[in-house]
Amino acid sequence: QLSDRLQSAFKSLTGRGRLSESNIEEAMREVRRALLEADVNFKVARKFVDDVKVRAVGEDVLNSLTPGQQVVKVVHNELVKLLGDTGEPFRIPTGTPAVIMIVGLQGSGKTTFCAKLARFLKQRGKHPLLAAADTYRPAAQDQLSTLALQLDVPVHTGRPDADPVEITTTAVEEAGARGADVVILDTAGRLHVDEELMQELERIKAATKPAEVLLVLDSMTGQDAVNVAQEFVDRLDFTGAVLTKMDGDTRGGAAVSLRAVTGRPIKFASVGEKLDALEPFHPDRVASRILG
Amino acid sequence: LHGGRALDDEALAGIEETLIAADVGVETSLYLVERLRDAAREMETADTDAIVGFLAGEIGSMFTAGSDAEPERTRSDVDPGVSERPRVTMIVGVNGTGKTTTIGKLAGLLQREGETVLLAAADTFRAAAGEQLQIWAERTGAGFVFGQQGGDPASVAFDAAEAAVSRGVDHLLIDTAGRLHTQKNLIAELAKIRRVVEKRLPGAPDDVLLVVDANTGQNALSQARLFDEAVGLTGIVLTKLDGTARGGIVIAIARELSIPVRYVGVGEGLEDIARFDASEFARGLFP
Ligand SMILES: Nc1nc2c(ncn2[C@@H]2O[C@H](COP(=O)(O)OP(=O)(O)OP(=O)(O)O)[C@@H](O)[C@H]2O)c(=O)[nH]1
Ligand SMILES: Nc1nc2c(ncn2[C@@H]2O[C@H](COP(=O)(O)OP(=O)(O)OP(=O)(O)O)[C@@H](O)[C@H]2O)c(=O)[nH]1
Ligand SMILES: [Mg+2]
Ligand SMILES: [Mg+2]
């Protein structure tokens, strides 16, 4: 427990008093270590700790809390702020049709999330159309079609040798005729450093003008989250992110790295393989999880 | 790292940062830096070559620690009369790490080495999992056994073991559904699949490989612990090393559990697999 570890940093401080600079130095080393163990990127952790140090020094130690608990409270509050405060609910886009583009690294959970999002929108009175624009992964279109069938949601697929950009534009063109007011674009997983495939995403975005571009990121991602986030925000200027596999026991420090580097809101947490396993992202809960 | 400069605290802090940035983890990074600090005192010149060389050696020894202790057990050690073939490999791991793709690549690798391969689609849960593996079977010419969607994965594994024997194949590769190490019932299911295979083919499975995504942070250590506890891991496949993540967590896994890395995945194509080279991997952590 972080507050227990901080106790040794504050052995000398008892009862009422102010947190001194040297108390804070040692405490912040513990906090930084806890963040690193929770997978927060080391540069993000250092900057966060430096920012928090300023707030913690000179704070009055509340009677009800030990100095260790006091520091944890300050750190927790700052972490909640960084993660997005009270959170930003997903705004249902309007348009004829509205387009939502789903992007991210291989295996992060995009295809599954596309189906979850379709279910979420359908429950709120929208008529989604899923577009299977992944022509690379074996049976990717099968996978999305199977999920679409489970939800009784229409799906647009293309020939296996079709151009992904064309699949997306055709889906958008045909949306009206299929009674759809939202088109969800499932794209192939790709590396942020794959120039050709990142350009393909830029072409899809330019052609379909999405109301939302959502980065789907595996919540167990480690230090490299900053590189992925940076590249995707620079190239695609995504409007929000989804953290997946939050039903596991990963601490989720990637969320902090993502927010620190891009400032974009995390709109959803995927919490299981089933299609109903989708929640809004809760900064307060994730902050507690990260601090362990 | 600058050649020829003495190993001062600033240099050591830089090395610690490099290791942490590679997902080696705080504890193992601190341990390696302390080992380096001690070793540097004995070095004539603590230049870049000496430093990287020392760390590569130190990291390399963590990967071989387990395998020197336990010689590879063969089937006939367990039961002198039994055949060594088919050699059975179970592929396990959390969701989306690259298990199905790795099996396709392994099938290609083995076939190129003149072996015959049978693939078992024991992921009966996820949408189009069987279809995905079937395409890899078609690409490689490997045999293919699948089960009913929603069916019992253990019975698919059993049927595949039977088929492997009757078809006289050299290798049986069993694909399993992704599952989190925290899902007790699914981990129990995996243990059951293993038991069923063992019953049908005494001494099998010969290998149980945990597929770890190189993007994964410290959680991979928990994954390795729990999967190892449930089914016994003989090795790791580290995938997606073609990205920018370095997968340093496998060093912590080797250190704590003595589980070696057997292969690395370096892309989405059939040939994007290589046997693990610890020294090359260790050197790759340093710019
Ligand atoms: N436990 C858990 N598993 C998830 C979650 N989201 C997705 N998965 C699983 O993660 C695996 C990968 O999901 P996909 O939807 O295929 O991922 P993807 O990003 O589309 O993969 P590519 O298209 O290959 O890049 C599947 O086994 C999913 O069932 C989640 O929130 N929790
Ligand atoms: N760049 C890269 N992508 C990979 C590698 N290995 C697998 N992938 C991709 O990762 C994604 C997931 O691969 P799968 O083989 O479906 O993963 P899985 O572990 O079987 O997934 P589940 O069965 O859903 O748990 C696919 O898009 C693969 O092409 C690799 O070494 N490098
Ligand atoms: Mg997909
Ligand atoms: Mg699979």
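Here is the naming used below: chain letters follow the sequence lines, and residue numbers restart at 1 for every chain.
Between the CD1 atom of I184(A) and the NZ atom of K110(A) there is a distance of 15.0 Å, given to the nearest 0.5 Å. T239(B) OG1 to D213(B) CG: the interatomic distance, rounded to the nearest 0.5 Å, is 4.5 Å. Atom-to-atom distance recorded for L32(B):CG and I15(B):CD1 is 10.5 Å, nearest 0.5 angstrom. A distance of 5.0 Å separates CD1 in I290(A) from CG in L83(A), rounded to the nearest 0.5 Å.
If you measure heavy-atom distances from R190(A) to chain B, you find no contacts under 4.5 Å at all. Proximity to chain A (any heavy atom under 4.5 Å) is restricted, for L30(B), to the side chain, taken from C-beta onward. For Q141(A), no part sits under 4.5 Å from any heavy atom of chain B, backbone or side chain. If you measure heavy-atom distances from S222(B) to chain A, the contacts under 4.5 Å come from the side chain alone. With a threshold of 4.5 angstrom between heavy atoms, D39(A) approaches chain B through side-chain atoms but not through N, CA, C or O.
Of the listed residues (E37(A), R251(A), R137(A)), the greatest number of heavy-atom pairs within a distance under 4.5 Å of chain B belongs to R137(A). For the options E268(B), R246(B), E27(B), Q149(B), heavy-atom pairs under 4.5 Å to chain A are most numerous at E268(B). Among H181(B), Q183(B), Q223(B), the residue with the largest count of heavy-atom pairs under 4.5 Å with chain A is H181(B). Contact tally against chain B (heavy-atom pairs below 4.5 Å) for N227(A), D194(A), T250(A), D224(A): the top residue is D224(A).
Scanning residues 143-155 of chain A against chain B with a 4.5 Å heavy-atom cutoff picks out Q143(A), T146(A), L147(A), ordered by number. By a heavy-atom distance cut of under 4.5 Å, Q132(B), I135(B), W136(B), R139(B) are the residues of residues 132-141 of chain B near chain A, going up by number.
Between E189(B) and K192(B), none of the side-chain N atoms (NZ, or NE/NH1/NH2) sits under 4.0 Å from a carboxylate O, so this pair counts as no salt bridge. K274(A) and D276(A) are not joined by a salt bridge, as no carboxylate oxygen comes within less than 4.0 angstrom of a charged side-chain nitrogen. Note on E202(A) versus R235(A): salt bridge recorded, some NZ/NE/NH1/NH2 to OD/OE distance being below 4.0 Å. Salt-bridge annotation for R46(A) and D50(A): absent, with no side-chain N of the basic residue lying under 4.0 Å from a carboxylate O of the acidic one. The residues R112(B) and E271(B) are annotated as salt-bridged, a charged nitrogen and a carboxylate oxygen being separated by less than 4.0 angstrom.
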Quiz prompt | Verdict with reasoning, R285(A) to E279(A), per salt bridge (Lys or Arg N to Asp or Glu O under 4.0 Å) | solution = CA-CA 12 Å; R285(A) 285 190 215 164; E279(A) 294 177 356; 3.7 Å; yes

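The aromatic rings of F276(B) and F281(B) lie tilted to each other, with the angle between the two planes from 30° to 60°.
Side-chain contact check for E231(A) versus V193(A): every heavy-atom pair is 4.5 Å or farther apart.
Pairing each heavy atom of L243(A) with each of S219(A), the nearest pair is CD2-CA, 4.3 Å. In terms of heavy-atom proximity, S108(A) sits nearest to V216(A) at OG-O, 3.2 Å.
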